[in-house]
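Counting begins at 1 with the first residue of the sequence. When reading the values below, keep in mind they use all heavy atoms of this one structure, side chains included, and skip hydrogens, waters and symmetry mates. Small disclaimer: the values here were computed from a predicted structure and weren't measured.
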Amino acid sequence: MTTYTILIILSGLVIFSYLFDLVASKTKVPSVLLLLLLGIGLRFLVDYLKIQTFNFLSILPTLGTVGLILIVFEGSLELKYDQHKNKIIKSAFFRP
């Protein structure tokens, strides 16, 4: 694969992610589910058309770890701190 092809694929993924986020806000279906279905559909299409792809098994553990970290970071952006939550936070850290 050339560098241009990789850049086009990554740009397409960002655009699909944005579009799926818009659809998810209207339909209440998580955008992650839509992206997973897109990935599964693309895999079937690639297998059906017999297109040669890169072997992702060598980098899959790293991609999984980075994906989990990004999911946790995205979830932390939605947290709101309030003075009333101090008791809960203290009990979580100093549990006997």
Side-chain angles (χ1 to χ4, degrees):
M1 266 201 242
T2 65
T3 305
Y4 293 119
T5 306
I6 293 171
L7 287 175
I8 290 171
I9 290 171
L10 290 176
S11 300
L13 286 175
V14 169
I15 291 169
F16 271 113
S17 177
Y18 176 72
L19 291 175
F20 286 166
D21 195 37
L22 292 176
V23 170
S25 66
K26 302 286 186 205
T27 62
K28 304 297 182 204
V29 175
S31 60
V32 173
L33 265 167
L34 297 172
L35 286 169
L36 282 171
L37 291 174
L38 175 69
I40 291 169
L42 285 176
R43 180 61 190 198
F44 282 131
L45 182 68
V46 165
D47 287 344
Y48 179 74
L49 297 175
K50 295 180 177 36
I51 299 173
Q52 186 74 20
T53 60
F54 178 75
N55 185 9
F56 288 102
L57 292 178
S58 60
I59 61 169
L60 196 59
T62 306
L63 288 175
T65 303
V66 169
L68 285 174
I69 290 170
L70 290 175
I71 289 170
V72 169
F73 282 160
E74 182 186 11
S76 68
L77 288 175
E78 296 178 12
L79 293 176
K80 302 285 188 250
Y81 175 72
D82 193 2
Q83 288 285 14
H84 303 293
K85 295 181 183 177
N86 280 342
K87 183 178 179 184
I88 297 170
I89 294 170
K90 287 178 184 175
S91 67
F93 276 109
F94 304 114
R95 181 169 265 189

Where do Lys85 and Lys80 come nearest, in terms of heavy atoms and distance?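 Taking every non-hydrogen atom into account, NZ-O, 2.7 Å.
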Shortest non-hydrogen contact between Ser31 and Ala24, atoms and distance: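 The answer is N-CB, 3.7 Å.
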Would you confirm whether [X], through its side chain, and [Y], through its main-chain N or O, come within 3.5 Å as a donor-acceptor pair?
{"X": "Ser76", "Y": "Phe73", "answer": "yes"}
{"X": "Ser17", "Y": "Leu13", "answer": "no"}
{"X": "Lys26", "Y": "Asp21", "answer": "no"}

Residue pairs involving residues 54-63 (criterion salt bridge (charged side-chain N to carboxylate O under 4.0 Å, His left out); sequence neighbours excluded):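 Every candidate salt bridge (charged side-chain N to carboxylate O under 4.0 Å, His left out) pair involving residues 54-63 fails, so no pair, neighbours aside, qualifies.
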Check: residues 36-48 side-chain donor-acceptor pairs under 3.5 Å, at least two apart:
unit_1, atom_1, unit_2, atom_2, d
Arg43, NE, Asp47, OD2, 3.4

Same cluster or not: Val29 versus Val23, using hydrophobic residues (I, L, V, M, F, W, Y) connected whenever any side-chain heavy atoms lie under 4.5 Å apart?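 Result: yes, single cluster for both.
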Measuring from atom OG1 of Thr27 to atom CG of Leu34, what distance do you get when rounded to the nearest 0.5 angstrom?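 Rounded to the nearest 0.5 Å, the OG1-CG separation comes to 6.5 Å.
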Can you find a heavy atom in the side chain of Tyr18 that is under 4.5 Å from one in the side chain of Leu22?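 Yes, close enough: below the 4.5 Å cut-off.
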I'd like to check the side-chain contact (heavy atoms from CB on, under 4.5 Å) partners of Asn86; sequence neighbours left out, ordered by chain and number.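 Asn86 satisfies side-chain contact (heavy atoms from CB on, under 4.5 Å) with Tyr81, Gln83 only.
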